[in-house]
Amino acid sequence: QVQLVESGGGLVQAGGSLRLSCAASGRSASSYVMGWFRQAPGKEREFVARIRWSGGSIDYADSVKGRFTISRDNAKNTAYLQMNSLKPEDTAVYYCAAGYQPANSASYYSYWGQGTQVTVSS
């Protein structure tokens with residue numbers, strides 16, 4: 001079992017920045033692939049970014065490339081999502097997830113956090 005707790009969401013104006021954190025705990029938490037997903041009202045959950053705890057297998061959704069950066073701190077068992085140049089269309093509940101494979105589909109991730117709301121005002 002892996003437990004994930006997100007933090008760092010909030011309200012920000014367009015063009016602003018936020019950093020989300022995902023603290024992982026539990027059995028072999030550091031052996032997983034960490035992913036960030038988001039879900040806007042009335043829309044399906046979509047992939048945002050992923051990273052292995054080793055630091056490899058990084059990928060981003062086209063919609064966030066060049067604006068978002070995923071990283072991790074192995075000593076703190078924490079993954080981060082730095083979000084810059086935020087747009088109103090980035091408004092969503094953001095979830096971190098842990099899985100066994102470096103995939104972009106939510107179905108490959110077995111463990112999920114509770115989500116954190118990000119709201120970008122225009």
Side-chain angles (χ1 to χ4, degrees):
Q1 283 283 357
V2 176
Q3 292 78 43
L4 304 172
V5 179
E6 302 101 333
S7 61
L11 173 64
V12 64
Q13 288 188 333
S17 299
L18 282 174
R19 188 177 79 156
L20 305 183
S21 300
C22 175
S25 61
R27 185 176 180 180
S28 301
S30 61
S31 63
Y32 290 86
V33 175
M34 301 302 297
W36 285 97
F37 292 79
R38 66 187 182 186
Q39 188 166 18
K43 294 188 177 181
E44 293 188 353
R45 190 168 299 189
E46 65 174 359
F47 167 76
V48 175
R50 59 165 163 85
I51 187 171
R52 280 191 184 275
W53 277 114
S54 64
S57 296
I58 293 175
D59 197 16
Y60 298 94
D62 288 343
S63 58
V64 307
K65 280 181 181 176
R67 300 187 299 123
F68 291 11
T69 303
I70 191 171
S71 63
R72 84 278 176 262
D73 184 330
N74 291 352
K76 295 182 179 179
N77 271 357
T78 300
Y80 302 98
L81 185 68
Q82 177 67 43
M83 306 185 295
N84 298 328
S85 301
L86 283 162
K87 304 175 181 179
E89 51 263 44
D90 294 318
T91 296
V93 177
Y94 283 71
Y95 298 89
C96 71
Y100 300 100
Q101 299 184 38
N104 294 355
S105 171
S107 62
Y108 284 85
Y109 290 80
S110 302
Y111 304 100
W112 292 83
Q114 81 286 355
T116 185
Q117 177 70 46
V118 171
T119 303
V120 184
S121 63
S122 57

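Please read all numbers here as calculations on a predicted model, not as lab measurements.
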Any idea which heavy atoms bring A92 and A40 closest together, and the distance? CB-N, 3.8 Å

Is there a side-chain contact (heavy atoms from CB on, under 4.5 Å) between L20 and M83? Walk through the geometry before answering. CA-CA 8 Å; L20 305 183; M83 306 185 295; 3.7 Å; yes

Within the distance-only criterion (no hydrogens, no angle test), does the side chain of T119 pair as donor or acceptor with the backbone N or O of L11 below 3.5 angstrom? no

Measure from the ring center of F68 to the ring center of W36 and say whether it is less than 6.0 Å. no

Side-chain contact test, heavy atoms from C-beta onward, threshold under 4.5 Å: evaluate it for Y95 versus E6 and give yes or no. yes

Is there a continuous path of hydrophobic side-chain contacts, each under 4.5 Å between heavy atoms, that joins V2 to F37? no

If two hydrophobic side chains count as joined below 4.5 Å and joins carry through other members, does L81 share a cluster with W112? no

Which distance, rounded to the nearest 0.5 Å, do you find between the CZ of R45 and the OG of S107? 12.0 Å

Give the minimum heavy-atom separation between S21 and T78, together with the two atoms involved. CB-CG2, 4.1 Å

Report, as yes or no, whether the 6.0 Å neighbourhood of atom CD on Q114 holds more than 12 heavy atoms from other residues, nucleotides or ligands. yes

Distance (rounded to the nearest 0.5 Å) between Q39 CD and E44 CD: 8.0 Å

Shared ILVMFWY cluster between F47 and V93, side chains joined below 4.5 angstrom? yes

OG of S110 to CD of Q101, rounded to nearest 0.5 Å, is 9.5 Å

Minimum heavy-atom separation for Q3 and G26, please, with both atom names. OE1-CA, 3.7 Å

Polar side chain donor-acceptor pair, Y80 to R19, under 3.5 angstrom: no

Sort out for me which residue in N104, V48, T69, I51 forms a side-chain contact (heavy atoms from CB on, under 4.5 Å) with Y60. T69

L18 versus L86, closest heavy-atom pair with distance: N-CD1, 3.9 Å

Kindly give the heavy-atom pair with the smallest separation between S63 and R38, and that separation in Å. OG-NH2, 3.4 Å

Could you measure the distance from the CG atom of L4 to the OG atom of S25? Nearest 0.5 Å is fine. 7.5 Å

Nearest heavy-atom approach of P102 to V33 is N-CG2, 3.7 Å

Got a sec: does the OH of Y108 have more than 12 other heavy atoms crowding it under 6.0 Å? no

Output for pair (Q82 CD, R67 CZ), nearest 0.5 Å, gives 12.0 Å

From the options W53, Y111, Y109, select the one residue that forms a ring pair (Phe, Tyr, Trp, His ring centres under 6.0 Å) with Y32. Y111

Strictly by salt bridge (Lys or Arg N to Asp or Glu O under 4.0 Å), give each pair with a member in residues 71-87 just once, sequence neighbours left out. none

Below 4.5 Å, heavy atoms only, C-beta onward: do V118 and T91 meet side chain to side chain? no

